[in-house]
Amino acid sequence: MTESKSIQETVQDVISTLKEKPGALLPILHGIQDALGYIPADSVPAIAQGLHLSRAEVHGVISFYHYFRETPPGKQTIHICRAESCQAMGGKQLEQHAKDQLGIDYHETTPDGQFSLEPVYCLGNCACSPAIQIGNDIYGRVSLQSFDAIINEKKEQA
Amino acid sequence: MSISVYVPCDSSALSLGADRIAAAISLEAQQRGIAINLIRNGSRGLYWLEPLVEVVTDAGRIAYGPVQVTDVSALFDADFLHGGDHHLALGSIEELDFFKKQQRLTFARIGKTDPISLDDYLANDGYRGLSNALKQSQTDIVKAVTDSGLRGRGGAAFPTGIKWNTVLNTPSEQKYIICNADEGDSGTFSDRMVMEGDPFVLIEGMTIAGIAVGANQGYIYLRVEYPHAHIALNAAIEKAYAAGYLGDDIQGSGKAFHLEVRLGAGAYVCGEETSLMESLEGKRGLVRFKPPLPAISGLFGQPTVVNNVISLASVPIILDKGGDYYRDFGMGRSRGTLPLQLAGNIKHPGLFEFAFGLTLRELLYDFGGGSATGRPIKAVQVGGPLGAYLPESQFDTPLDYEAFAANWTVLGHGGVVVFDDTADMASLARYNMEFCATESCGKCTPCRIGSTRGIEVMDEIINGQEISKNIPLLRDLCNTLLNGSLCALGGMTPYPVLSALNHFPEDFGVTDTNNAA
Ligand SMILES: Cc1cc2nc3c(=O)[nH]c(=O)nc-3n(C[C@H](O)[C@H](O)[C@H](O)COP(=O)(O)O)c2cc1C
Ligand code: SF4
Ligand code: FES
């Protein structure tokens, strides 16, 4: 079980680096998700212990925030903006197209483990609607065709 | 001497390929043996022209846009490095009407400078406000902000000076300044542009706030959806520390101010100030009952200023030029300028900073150029997802807090989202209910349960079922939300829903015979 040990080590490292900060829980959860892509259920006891919280409290916080996930994501997570400005520029068609092309719904991952799909409510890219984000890369004025091109490019990068 | 070329690093410009343009320009210059100095600036906010490339010439900064990678070679052929003519040439950027007719106070530097160059910031009036503040008493700093008439730009339009005064007058060993950079409202991006395009102005504004009220610790609560703003803020904070603009002894004054960026985690409600503080404390973002006011008992129970990015970024110019200077812009009780964000189905989307008082119609047509599709504009949602939809009959409303309030509409954070005549207002109203249900913190029943019920009712209405029963039901639900919610998420979701219903009843299947209104 070297792999799970390294997960536990990563979690411990993040906790010990950040636990002295005031209000350390969110920074710790971000640190873990940045490192592992998600917050494994078996990291909860360690976080709880490090911050003198109950497991239920830690879990309550993880589940409150849409961004934190408890299952591993695909290699890349596609965030599609569902909010009003993007809707005004064909965002709904783009959402449907993305689901059809990837064969998955929101909060799901393609069977090959390549892409996860998540909704997002505004990326601040409303002047270039409709918008999507993959990792730190943001895309504007996304058409159905350019969506396919972006996905193909990402597949090749992987 | 090498020629300076500007290509924005603003994330909307990046979303249109600005990084690829920058790389192509560097490569082409190299291949042609021309020395250029490539600078990454913020965006001018004229997004229909992005990616916008500017070249420094004897005749000022000459702009070209929107530039695609395939245009780069032809631009070199046209000698764009000396302002040569090309079909993408726009002339001097600052002479463009779209730019020249604005009143850029808060956005004075954005698009002009390299955002994370402290030298650039100082060479363009940066830190003059702080320098003045350090010579004044705390009361005088607060008075300048009060005199300016600045009201919070995050949505509630509460006078900033009054809030600061409360914190100043609440004795405590520890006080905090929080910058609300959660910018969750759809159709808004002015906070993002400031953080990516001029992060020092926000740092300066927060430092002035800290000195004014006696707070030595600041937090920027930034939404996680803004990774580029995160990078820019951290880079600027590091430079500010290194140059003694943050730390234990700011510019030899003996005064301390420390600043840290904290990331949100995708919860819209955490933009509400008390939910934000819960989140900063490491908890679920449940909205707190008020009182106590955050100004008296806020973060970790201490007196806390919570202000929006734009509010804080407007403070340096107020301290630099005086409260009167700022107050002389605007109308009525809406003083100064508002950075308006024009988005959705509009030909010229972008950031337009104006003194309060311009009408919505002027913004939509004189600057916005009408819809992007060329079809008639049907409705405009102002003020984010909790803002009302305005029909054409309300387009002459001046952009002013009180004028909007008189129409049962809100100016909020200044976001304006345009819909053409293909928009279905019933499906938008359903979305507004769904958004409320998704983002509810769950503390009050009307918001938690009522919004879900609202989705069901909207589904029946959209399916044409029992309109004469469902419309009154929808109105009842909205009344319950309006009156029984602790915060504006539940309390203002009726604004978009009811305005859609009232102005566009036909989209809800309401006819004269079944009109149960
Ligand atoms: C649901 C909800 C979301 C909000 N989101 C934001 C936000 O993203 N940014 C913001 O500055 N204010 C937001 N506000 C308003 C804040 O509660 C608060 O009024 C504001 O941060 C105060 O700063 P100001 O006086 O400078 O506007 C929100 C309010 C509510 C009810
Ligand atoms: S109105 Fe909704 S979001 Fe606001 S406090 Fe109540 S449940 Fe929470
Ligand atoms: S509404 Fe989609 S990016 Fe803002």
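Note that the structure is a prediction, hence the values are computed from the model and not measured. We name chains A, B, ... by the order of the sequence lines, and we start the count at 1 in each one. Hydrogens, waters and symmetry mates play no part in the numbers below; they use all other heavy atoms, side chains included.
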A:F64 and B:S279: side-chain contact (heavy atoms from CB on, under 4.5 Å), yes or no, with the steps?
CA-CA 10 Å; A:F64 182 84; B:S279 182; over 6 Å; no
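B:S11 touches chain A through backbone and side chain together, each having a heavy atom under 4.5 Å away. The part of A:V120 that comes within reach of chain B is its side chain, from C-beta onward, which places non-hydrogen atoms under 4.5 angstrom from that chain. In this structure, the portion of A:P27 lying under 4.5 Å from any heavy atom of chain B is its side chain and not its backbone. Of the two parts of B:Q381, only the side chain, counted from C-beta on, holds a non-hydrogen atom closer than 4.5 Å to a non-hydrogen atom of chain A. Looking at B:T373, neither its backbone nor its side chain comes within 4.5 Å of chain A, counting heavy atoms on both sides. If you measure heavy-atom distances from B:Y268 to chain A, you find no contacts under 4.5 Å at all. Using a 4.5 Å cut-off between heavy atoms, B:H348 makes no contact with chain A at all. Interface remark: B:L280 contributes backbone atoms only to the contact with chain A (heavy atom separation under 4.5 Å). Residue B:A372 touches chain A through its side chain alone, counting heavy-atom pairs closer than 4.5 Å. Looking at B:N432, only its side chain comes within 4.5 Å of chain A, counting heavy atoms on both sides. Contact of B:C270 with chain A is made through the side chain alone, with heavy-atom distances under 4.5 Å. In this structure, the portions of A:E84 lying under 4.5 Å from any heavy atom of chain B include both its backbone and its side chain.
The two residues A:A88 and B:V418 have their closest heavy-atom pair at CB-O, 3.3 Å.
Within the 4.5 Å cutoff, the side chain of B:K283 has no heavy atoms near those of the A:L26 side chain. Between B:E434 and A:R82, some side-chain heavy-atom pair lies under the 4.5 Å cut-off.
The distance from atom SG of A:C126 to atom CD of B:Q341, rounded to the nearest 0.5 Å, is 8.0 Å. Distance check: A:C122 SG to B:D185 CG gives 8.0 Å after rounding to the nearest 0.5 Å. Taking OH from B:Y226 and CD1 from A:I138, the interatomic distance works out to 8.5 Å, rounded to the nearest 0.5 Å. Rounded to the nearest 0.5 Å, atoms CE (A:M89) and CG (B:N345) are 5.0 Å apart. With values rounded to the nearest 0.5 angstrom, B:I346 atom CD1 is found 10.5 Å from A:S85 atom OG. Taken from CG in A:N125 to CZ in B:R192, the straight-line distance is 6.5 Å, to the nearest 0.5 Å.
A salt bridge is absent between B:R284 and A:E57; no separation between the charged side-chain nitrogens and carboxylate oxygens falls under 4.0 Å. A salt bridge is absent between A:R141 and B:E50; no separation between the charged side-chain nitrogens and carboxylate oxygens falls under 4.0 Å.
A donor-acceptor pair shorter than 3.5 Å can be found between the side chains of B:E439 and A:H66.
For residues 101-141 of chain A, every residue pair satisfying the ring pair (Phe, Tyr, Trp, His ring centres under 6.0 Å) rule, not counting sequence neighbours, is listed here: A:Y121-B:F435.
Crowding of B:E260 atom CD: a count of heavy atoms from other residues, nucleotides or ligands under 6.0 Å exceeding 12.
Note on B:S427, B:G17, B:G264: by heavy-atom pairs under 4.5 Å with chain A, the leading option is B:G264. Of the listed residues (B:G285, B:G350, B:A423), the greatest number of heavy-atom pairs within a distance under 4.5 Å of chain A belongs to B:G285.
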